[in-house]
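Inspection log for the structure reproduced underneath, given as structure tokens.
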Amino acid sequence: MVLLGPPGAGKGTQGALLAERSGIRHVSTGEIFRAAVGAGTPAGLRAEAYLESGELVPDGVVMQLVEEYLGNRCDLDLCFDGFPRTRRQAEALDAVLERLGTKLAGVFLIEVSDEEALRRLTSRGRSDDGLETARYRLEVYHELTEPLVDYYRAQGVLREVGGEAGIDAVADVVERKVAEVR
Ligand code: AMP
């Protein structure tokens, strides 16, 4: 599964809750990159400048990370958060899953307005959440990631979730919609 939506939509929060409630593994590429930056690994050193500026890490680097993570396993019950973020990543993910003999069960689009996203981002205090960087990340979302909504709608796997309600109310909807496709 995939959690899709702008930065600040609550993908990380909802992914963690989904893992707690349903035992589905929550995989945030942003978290993996932040951990690699923190640990000073070669991948972290390559990713750091992108994260700090709000720019996307290049597709090749992201796909290498994801492929290493998935390995040869096709039995994983997992939910990506913050991946894929570009059309090329989405197509590459489809190819990887096909090779593993599986496919996406569902893509859950968590929707919030830009105003709400900005309000949330600038109040959480991450180093890439200053006003200018947060604005830029939203722009990047609209330009490069939002086209995936149509991509997945055309595949028939898109499910929409309003993201402006309270955390538990959104989690209830996510849990119910996940149960429908699982
Ligand atoms: P997130 O935690 O999802 O907000 O991601 C934080 C940052 O990590 C992003 O602004 C990007 O720099 C990088 N990142 C995370 N996931 C991806 C991805 N799938 N493609 C490119 N960059 C990513």
Side-chain angles (χ1 to χ4, degrees), residues 1-20 23-73 76-97 100 104 107-110 112 114 116-149 163 167 170-171 174:
M1 285 171 269
V2 167
L3 289 175
L4 187 64
K11 302 185 298 298
T13 303
Q14 294 302 329
L17 280 174
L18 185 64
E20 254 175 47
I24 294 172
R25 196 187 305 228
H26 170 218
V27 183
S28 157
T29 45
E31 286 288 334
I32 295 174
F33 283 129
R34 278 187 291 280
V37 170
T41 65
L45 294 177
R46 262 189 300 168
E48 187 167 14
Y50 295 101
L51 266 74
E52 285 309 311
S53 63
E55 207 79 59
L56 294 188
V57 174
D59 290 333
V61 177
V62 176
M63 287 316 301
Q64 195 179 336
L65 179 96
V66 168
E67 295 207 40
E68 274 169 20
Y69 185 88
L70 289 175
N72 290 317
R73 296 173 297 188
L76 288 183
D77 208 6
L78 63 82
C79 187
F80 285 112
D81 146 18
F83 170 82
R85 258 180 159 96
T86 64
R87 173 84 185 219
R88 283 180 66 184
Q89 290 179 22
E91 288 173 351
L93 175 62
D94 283 345
V96 170
L97 293 179
L100 294 174
L104 285 175
V107 173
F108 304 92
L109 171 65
I110 306 186
V112 298
D114 281 9
E116 177 65 10
L118 264 187
R119 200 180 61 70
R120 293 181 184 179
L121 290 172
T122 52
S123 65
R124 72 184 181 181
R126 222 167 72 183
S127 67
D128 57 347
D129 282 341
L131 182 59
E132 281 318 304
T133 313
R135 275 208 185 105
Y136 182 62
R137 293 170 64 221
L138 270 172
E139 257 177 55
V140 169
Y141 171 77
H142 288 303
E143 188 189 337
L144 297 172
T145 309
E146 204 169 24
L148 298 184
V149 172
I167 290 174
V170 175
V174 170

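With salt bridges taken as basic N to acidic carboxylate O contacts below 4.0 Å, one links R135 and E132.
The OH atom of Y141 lies 5.0 Å from the CG atom of L4; values are rounded to the nearest 0.5 Å. Taken from OG1 in T133 to CG in D128, the straight-line distance is 7.0 Å, to the nearest 0.5 Å. One distance of note links CD of E67 with CG of L93; it measures 9.5 Å at 0.5 Å rounding. Here L18 contributes atom CG and L78 contributes atom CG; the two are 11.0 Å apart, rounded to the nearest 0.5 Å. Atoms OG1 and CD, from T145 and E143 in turn, are 9.5 Å apart once rounded to the nearest 0.5 Å. Interatomic distance, CZ of R137 versus CG of L56, reported as 9.5 Å (0.5 Å rounding).
Contact detail for A19 and H26: the closest heavy-atom pair is CB-CB, 4.1 Å. Closest approach of G71 and L100 over heavy atoms only: O-CD2, 4.0 Å. Here the closest non-hydrogen pair linking V140 and G54 is CG2-O, 4.1 Å. Taking every heavy atom of both residues into account, P84 and A90 meet most closely at CB-N, 3.6 Å. When all heavy atoms are compared, the tightest approach of V112 to A117 is CG2-CB, 3.9 Å. A pairwise comparison of heavy atoms in Q89 and V57 identifies NE2-O, 4.4 Å as the closest pair.
Within a 6.0 Å radius of CD1 in I167, no more than 12 heavy atoms belonging to other residues, nucleotides or ligands are found.
Side-chain contact check for R85 versus F80: every heavy-atom pair is 4.5 Å or farther apart. In this structure, the side chains of Q64 and V61 stay at 4.5 Å or more apart for every pair of heavy atoms. The shortest side-chain heavy-atom distance between P6 and D114 does not fall under the 4.5 Å cut-off. With contacts defined as side-chain heavy-atom distances shorter than 4.5 Å, the pair E55/Y136 qualifies. Side-chain contact between L118 and L131 is present, with at least one heavy-atom pair separated by less than 4.5 Å.
K11 places no side-chain N or O within donor-acceptor distance of the main-chain N or O of I110, the cut-off being under 3.5 Å.
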Yes or no on side chain to side chain contact (heavy atoms under 4.5 Å, CB included) for Q14 and D81, after CA distance, side-chain angles and deciding distance?
CA-CA 9 Å; Q14 294 302 329; D81 146 18; over 6 Å; no
Report the C-alpha separation of V2 and L104 in whole Å, then their side-chain angles, then the decisive distance to 0.1 Å, and conclude whether the side chain to side chain contact (heavy atoms under 4.5 Å, CB included) test is met.
CA-CA 8 Å; V2 167; L104 285 175; 3.8 Å; yes
TODO: Test salt bridge (charged side-chain N to carboxylate O under 4.0 Å, His left out) on E116 and R119 and set out the steps.
DONE: CA-CA 5 Å; E116 177 65 10; R119 200 180 61 70; 2.9 Å; yes
Going by atom type alone, with no hydrogens or angles, which donor-acceptor pairs under 3.5 Å involve a side-chain atom of residues 29-37 and a protein atom two or more places apart or on another chain?
residue	atom	partner	partner atom	Å
T29	OG1	G82	O	3.2
E31	OE2	R34	NH2	3.3

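Pairs engaging residues 40-50 under the side chain to side chain donor-acceptor pair (under 3.5 Å) rule: none recorded [sequence neighbours left out].
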